[in-house]
Amino acid sequence: MRYTGVTLGYQIGAALAGGTAPLLCTFLLARFDGSWVPIALYIAAIAVLSIIAVSFAPKVARADDSIENPATEHPETNHDLPGGMPDGLSMTEVK
């Protein structure tokens, strides 16, 4: 479930930012008579936004590490996950 959220966020971000960037840069190029300065400012603004987002990443990662994951805490008693042991069996009884 965790990787689904990461992937979904990544794909939506790539579609919104990467998909609209050529359109926006073409508009800026036409609007400012072929000047490259507005496009450079757009790229710089996106870079600053990315740096700000990356600076928050370690804080979020540390917060996720403090949350206990019951699925990995005791795998021998985890019967509801795929590959879990049927009721009444333990990992040592299966050979």
Side-chain angles (χ1 to χ4, degrees):
M1 191 63 135
R2 178 183 294 178
Y3 295 115
T4 302
V6 171
T7 301
L8 186 61
Y10 176 78
Q11 296 300 329
I12 289 174
L16 291 177
T20 59
L23 181 64
L24 183 60
C25 290
T26 302
F27 169 76
L28 290 172
L29 196 61
R31 174 76 170 89
F32 292 96
D33 298 323
S35 175
W36 58 269
V37 175
I39 296 172
L41 292 174
Y42 167 71
I43 292 171
I46 295 300
V48 168
L49 184 66
S50 297
I51 290 170
I52 291 170
V54 168
S55 71
F56 284 106
K59 296 175 187 172
V60 173
R62 282 192 298 272
D64 283 348
D65 289 342
S66 66
I67 299 172
E68 293 182 16
N69 187 352
T72 58
E73 195 171 324
H74 300 287
E76 67 277 358
T77 60
N78 197 359
H79 305 302
D80 56 342
L81 291 178
M85 300 306 299
D87 289 337
L89 292 178
S90 70
M91 294 295 281
T92 57
E93 294 174 346
V94 177
K95 295 182 183 186

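All of these numbers come straight from a predicted model, not from anything done at the bench.
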Distance-only donor-acceptor pairs under 3.5 Å for side chains of residues 13-33, two or more places apart:
residue	atom	partner	partner atom	Å
Thr20	OG1	Leu16	O	2.4
Thr26	OG1	Pro22	O	2.8

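- Evaluation of the side chain to side chain contact (heavy atoms under 4.5 Å, CB included) rule for Val37 yields Ser35, Leu41 as partners, not counting sequence neighbours.
- With sequence neighbours excluded, the residues forming a side chain to side chain contact (heavy atoms under 4.5 Å, CB included) with Ile46 are Tyr42, Ser50, listed by chain and number.
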